[in-house]
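Everything numeric here is computed off the predicted structure, so don't read it as measured data. FYI, side chains are in, hydrogens and waters are out, and symmetry mates aren't considered; it's all heavy atoms of this structure. Letters go in sequence order (proteins before strands), and every chain restarts at 1.
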Protein chains: 2
Amino acid sequence: MPTTTNNKEPKFIYAFGGDKADGNAAMRNLLGGKGANLAEMVNLGIPVPPGFTITTEVCTYYYNHNQHYPPELEGQLQSALRQLEERLGAKFGDKKNPLLLSVRSGARASMPGMMDTVLNLGMNDETAKILFDLSGDERFAYDSYRRFVQMYGDVVLGLKPETKHDIDPFEEILEAKKHKRGVKFDSELTVDDMKELVVEFKAAVKSRTGHPFPDDPMEQLRGAIGAVFGSWMNDRAQTYRELNGIPAAWGTAVNVQSMVFGNRADSSGTGVAFTRDPATGENVFYGEYLFNAQGEDVVAGVRTPIPISELQKDDARLYDELNAIRLKLENHFKDMMDIEFTIQLGKLWILQARVGKRTGFAAIKIAVDMVREGLITKNEAILRIDPNQLNQLLRPVFDIKEKKKAIDNNRLLATGLNAGPGAACGKVVFNAHDAVEWTARGEKVILVRIETSPEDIKGLNVCDGILTARGGMTSHAALVARQMGKVCVAGCGNLLIDYKKAQMAIEGHSIIIKEGDIISIDGTTGEVIAGEIKSKPSDILQVLISKEMKPEDSEIYKTYRDLMKWADETRKLHVRTNADQPEQAANAVAFGAEGIGLCRTEHMFFKEDRIRYIQKMILAENDTDRQKALDSLLPLQKQDFFEIFKVMNGLPVIIRTLDPPLHEFLPNEADAPVAAKYLGISMEDLEHKMETLHEANPMLGLRGCRLGILHPAITKMQVQAIIEAAMDAEEQGYKTHPEIMIPLVTHVNELQIQADVVNEIAEEIFIKRGRRIKVHIGTMIELPRAALTAGEIAKVANFFSFGTNDLTQTTFGISRDDSAGFLPYYIDKKILPADPFQTIDRSGVGRLIEIATAAGRAVRKNLEIGICGEHGGDPESVEFCHMTGLDYVSCSPFRVPIARLAAARAALHHLR
Amino acid sequence: MPTTTNNKEPKFIYAFGGDKADGNAAMRNLLGGKGANLAEMVNLGIPVPPGFTITTEVCTYYYNHNQHYPPELEGQLQSALRQLEERLGAKFGDKKNPLLLSVRSGARASMPGMMDTVLNLGMNDETAKILFDLSGDERFAYDSYRRFVQMYGDVVLGLKPETKHDIDPFEEILEAKKHKRGVKFDSELTVDDMKELVVEFKAAVKSRTGHPFPDDPMEQLRGAIGAVFGSWMNDRAQTYRELNGIPAAWGTAVNVQSMVFGNRADSSGTGVAFTRDPATGENVFYGEYLFNAQGEDVVAGVRTPIPISELQKDDARLYDELNAIRLKLENHFKDMMDIEFTIQLGKLWILQARVGKRTGFAAIKIAVDMVREGLITKNEAILRIDPNQLNQLLRPVFDIKEKKKAIDNNRLLATGLNAGPGAACGKVVFNAHDAVEWTARGEKVILVRIETSPEDIKGLNVCDGILTARGGMTSHAALVARQMGKVCVAGCGNLLIDYKKAQMAIEGHSIIIKEGDIISIDGTTGEVIAGEIKSKPSDILQVLISKEMKPEDSEIYKTYRDLMKWADETRKLHVRTNADQPEQAANAVAFGAEGIGLCRTEHMFFKEDRIRYIQKMILAENDTDRQKALDSLLPLQKQDFFEIFKVMNGLPVIIRTLDPPLHEFLPNEADAPVAAKYLGISMEDLEHKMETLHEANPMLGLRGCRLGILHPAITKMQVQAIIEAAMDAEEQGYKTHPEIMIPLVTHVNELQIQADVVNEIAEEIFIKRGRRIKVHIGTMIELPRAALTAGEIAKVANFFSFGTNDLTQTTFGISRDDSAGFLPYYIDKKILPADPFQTIDRSGVGRLIEIATAAGRAVRKNLEIGICGEHGGDPESVEFCHMTGLDYVSCSPFRVPIARLAAARAALHHLR
């Protein structure tokens, strides 16, 4: 139930202004982020244009009551307006001192670009004249007027382009006018042009909607409020909410605020700033502004603005005032803030402040720096970083030599703003639709747009890099890129993009880049280069993996190191890695892996010289020939394991016995003749064998432990290789902790049979060598039956490892290989809440994991339990593993840091 | 713990004889079936040669203690022997009146032919002479002696043939002797021949074992007891136990009994009898005997014996005495009994009595007759019949005209004993190994043997029919056939089988039947006919289905009808059928189906004219073409459903929407050119489409409701056909109960989407027709996730149907199509306790069924739940469904009676 007003009716409107606000920052759910922060700033004594917030409860009520407002709203609106009028000494619709308003949305979670805004509300022919009279600035009055008519016509009256290929009706009129006048910028138009534009805009409204443009300010206000609530349910807002998991029931608030004008004269302006650099995280004041402009001009990216550092030179007093507010806000909100400000005739106003979007780089640096500065705690820092953002720190950067060579070869096309750091390379596409389609078929694409808009959200989501011709660091493209962690170069003014021809020319360059051509963009430097460029590892990799860089030489590394240290102090889950090559294992250890959770022995078979032995083994007509082939493989496998044990030196290493169906090792059609010759058999025999081994559903066929049970010689060879390798390593002074894992067990008897083989071989070796080592035997839990009968299985197994890929496939009855035909549709249409191969499905697969964990531990208290599916590196899945009480997650080496941080966050969110 | 003797030591030996026994029939677990019944017969006053039983606890002790006996055994054995000697006035190893013994096994469950027996124990050169002196019959004495040496050598000393192609060493000596003497039968040998045989047999023992044959009776006895316990673990016994689910821990008892001699003179003999006909169940005394023979001669089938009815003519007094015992036993044991008897010098002795094996026919008739006779209750009758035995009543018989034609064409090869009723037709194989191998590749085979032995058990298990040249109705082949429900013709003396040439000649016929030739055998008449003969339906089918026979004309039908009536009064589970054709549905109703549990709509698509529409639908380039193809299918589907609703007239009919992957409907390689022409597309396009639709694991691909979600037009067409058909049927005066079932649901949202389609279409039709019908919407639960989230799904579903085929596949991670490579091995090696596709796996799949049932009912109390996998007709699975509280099982029409009976048995076993 809503809070009630003094006379006990529910309170739907909260006022702010002067040094007093009804609300504060804690009332975010009710007032939305914008409204709550406006109130908070007023309370902090920051200059905010007065106004009021209509609560999110009104939005919820509106959609729960067939789009009707609560009956109390109208009275409260009138009284809030009166209060505002009294405070400002102006009056809404007044002929002497008319009050002008802005109306903006403001949801609980920030939804940039998703919601619509109307400025200058209250204008009509009369008000425009009065504004001219009062300001003495005719140009300002009519510029404001034509802006209002355009914005209102667009947002409230719905005169939007009908398809994305259509031109905006207002832009069309505006462009025609500029063309007629022979000018390039709006600011070059005359006052008369503005007046004509108003008339032409209104005519367009009349002809398109059949109704005249509303001149009554109150009607305008009601329309604008309705449009904000209406926009809560528009397609872009819904898409954004789906992508970000925001419930529709939260609703949006509406902020009605008195206007201040950045377009009132050259002593006016408007800008956007960040309290730290949102791209690098550096503690510098960062932002940009435009003189003689209104807010939307900056974020829309139509004009390229001036860096905020220029303001210091232009107007040191204003800069100092703004910088003081910056420091006050950071100290108060203890986070990097994104500020919108307007200067009206030299006076500074803050229009809004919110926590700023930032790159992964910046997020990590800011969080770590703020701990160092004493602003936040280590735990707060951990909770503030999305683990996936660590990806950006590990992402490759272009090889400097390669890039230099390309530049020397005249391949540098342009330099824009470094809006999203990282190196990306891909085929050029010119619209979001193509981006989605091309990536769906496996292409890497760079989405190139003159400027991006919320309509492009799906394309932005899938592309590898974003390149825009217009817009600054706070443009839509730049914001989205930072949020999604995309590589982005923005505001590359010399790109001449022709959507129709699907190509772009470059000013000052003879090249024409066509759709499908490859380009490389460096989001760290802003460079755009034709063709492909080799990339090189990030700082972290150069420090940890290649050792080309010393830790002390990299600020990024040191930041990463500190954060990881804090995460490790916090987390309860161990993190292992999936690796089957010594180098992989070494990398993973450098990334903090505490063991190998899955070493797939079959990957070792795919090397050229080995595949033939495997083929010989499969094609063997008798046990002797089969054994011969296995004997050839033994020293090779043993050497691999030996190297891995050396690298891991005492950390646990789980080695899985042969898993995939044998036919996966047979040659493909192209290789068959060579293979037949090499193997000394006829093509006919080879084809016959391939036919024999063909399976209708190989995923559920003869694979996993079924192979080892039917062909115990394979298991024996592998076990011998593992144990002898471990003993050899120990004899050379290394420590070892081998764990042998049997795959695809569905009944405890299968595990028992394979465990008997392991023990038998181990015993033979121990006797031969006259000493023993500890060998752990465990199993994958990757079939529903194994999970359901885990109590039985735990009697034989020392450890469980959930193979969540296969477990998801069998639990859902979905073959991942065949899911492309329906799974994307399912996820798009929300039939499934998420891709179950990415994030563990808690109600189905997760339930099996819980059942198996409980049953296993009931039988064997110290049963070691982990997961080794691809979910092991997914933060949400890591959280689930923490909550379920697993011992570890195992993931690919590059996701180890992500899993460490995710595990720390899970530990902070859920005590266990 | 064993019972204790008077002096408080555990009692391991129970004596019987005269009119007093330590034990009785209730002590079956301790004394074994044979021992308990011997004691019981003594208590009933039936003449039984005195002896004692060593309990099964000794066997268990023996195997639990590294093959050592309990220390108390020796003392108890000595004292039991003394007691027996006192009772008989004879003495073991005595030189005046030596006691001779038989030693036999006797497990808790009857294991015919599985355990070994030694007769005439106590004989040596001295005893033979004394036996000659005492009996005045030298031939008897030395015949008994040579039998003992052979049997003891074989069973106790292990002088068996080393491979199955070897000749028995004793048989080799015997055959050589007969050849030398130019005689055919053992009985034609002279006393001197017998004496020589004893010497030659003993020499063979010496040369093969390196030890002389033991002459000391006590050493013989200990050896024989050891051999019985040893034989508990021999291969044949283990195989039999595995096939029949008998735990090894039960152990066997040993029965030591004083000898009576059927080979003492022509006034002696031995025989086997059944208190009713074990093949037909008729209440007639049935059996056969041999004069001057010992027990093993009858059951081994070496000589073909004389029917028991002859005894009435030969010796009416003896016959009457035997018949009186027959009636006494049936009255006492209230079941059909199998009796072994021996006549020694005109005096009748009963050597054992046990519940007789019988055919399915006989089992049913005997049980029903005994209810009618007041011997047992209806419930007892139900519990006495293995539901699978009903199969025999439904099994086809040869078409009489066809058979007559074959006989007229001189194709009748022989007439043997009608040992296993029914008609079978298949390729001839001459050994069990081939039977297993040939059937594994899909052949139907008739296993032809001179005589069968326990070594043949695996072959007997898989073949379609059994034909033997030697042996009577109680021969091994006949016994096994009755037990397994196999068609069998036994004792066909004019077959001249040559194993080496793998062929048989027929005396009096010019034909040579080679391995692989087809023959037909009629197990009801004993006829063996060359080539294939058409068969016709059984009585039950002629009454219920073709109506060619009136109920009152068939005794078999009336028996069946009564039994089914009792079953229906008892069972709690409903039984439905899986049917998708009106005739199938009608048959199922005749068999007692109470509804259709699964109507697979896709089966209707495979008819020639329809498959092209489906192909058109799949190949459609756009929605219009797709809709056109669906429009063509609509009237056809509707007509099918209409006919089914008419047949079912108000019984529930569950219709499942399209389930299989679309590529299953595309033409195969051979059909492709025709199809392409018909469909008016190029072969290239067709091949491309086929490639596009190819899936790596189609079972887990785009199928089930995934199709209906991606192509709602398919669901719409099917729903329209169902509802319009139901309304049409109602308009013609039929009742309907349509239930629409959505397949392969893994998330409740999928069901919701399809339910919305159903409701939308239904509403359209209701509005058009101006009236409504009730349409139930439910889902298959056939994926683990659906079972685990059944509570969510039940919010949308009116009913659940467990698709246990797919549920087993996904729960085990085993594709049934691909399981041939390992599943038979798994079952053979007991890695899995049973074939999970035949019998529900209770710990895995069953657990999911329990979880889903509980969760579903918790949300929707009256949720209708059944199963429609092939398990619905498997008695063990039906029992599980009863225990879990399902509402119904659904199975193929021919298994409906089996399911009804199984449900009744489950209800008697488990109250719910």
Taking [X] for its side chain and [Y] for its backbone only, find out whether a donor-acceptor pair lies under 3.5 Å.
{"X": "Gln754(B)", "Y": "Thr715(B)", "result": "no"}
{"X": "Gln838(A)", "Y": "Asp874(A)", "result": "no"}
{"X": "Arg785(B)", "Y": "Thr811(A)", "result": "no"}
{"X": "His871(A)", "Y": "Pro836(A)", "result": "yes"}
{"X": "Arg860(B)", "Y": "Lys795(B)", "result": "yes"}
{"X": "Gln718(B)", "Y": "Leu658(B)", "result": "yes"}
{"X": "Glu695(A)", "Y": "Leu702(A)", "result": "yes"}

I need the residue from [options] with the largest number of non-hydrogen atom pairs under 4.5 Å to chain A.
{"options": "Ile709(B), Ile851(B), Asp817(B)", "value": "Ile709(B)"}
{"options": "Pro698(B), Ala787(B), Ser815(B)", "value": "Ser815(B)"}
{"options": "Val845(B), Leu848(B), Asp806(B)", "value": "Leu848(B)"}
{"options": "Arg703(B), Lys830(B), Glu750(B)", "value": "Glu750(B)"}
{"options": "Pro784(B), Ala786(B), Gly844(B)", "value": "Pro784(B)"}
{"options": "Gly701(B), Ser843(B), Gly813(B)", "value": "Gly813(B)"}

Gap between atom CE of Met780(B) and atom CD1 of Ile867(B) - 0.5 Å precision: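 Here the rounded value is 10.5 Å.
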Quick one: pull up CG in Leu666(A) and CD in Glu687(A) and give me the separation to the nearest 0.5 Å.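 Atom-to-atom, Leu666(A):CG and Glu687(A):CD are 12.0 Å apart.
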Residues in residues 740-748 of chain B that sit under 4.5 Å from chain A, counting heavy atoms only: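 Only Thr746(B), His747(B) of residues 740-748 of chain B have a heavy atom under 4.5 Å from chain A.
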Could you please spell out the steps behind the side-chain contact (heavy atoms from CB on, under 4.5 Å) verdict for His711(A) and Lys716(A)? CA-CA 9 Å; His711(A) 307 291; Lys716(A) 284 180 184 169; over 6 Å; no
Give, as side chain, backbone, both or neither, the part of [X] having an atom under 4.5 angstrom from any heavy atom of chain B.
{"X": "Arg706(A)", "result": "both"}
{"X": "Tyr825(A)", "result": "side chain"}
{"X": "Ile753(A)", "result": "side chain"}
{"X": "Asp841(A)", "result": "side chain"}
{"X": "Ser819(A)", "result": "neither"}

Salt-bridged, Arg441(A) to Glu443(A), with N to O below 4.0 Å?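 Yes, this pair counts.
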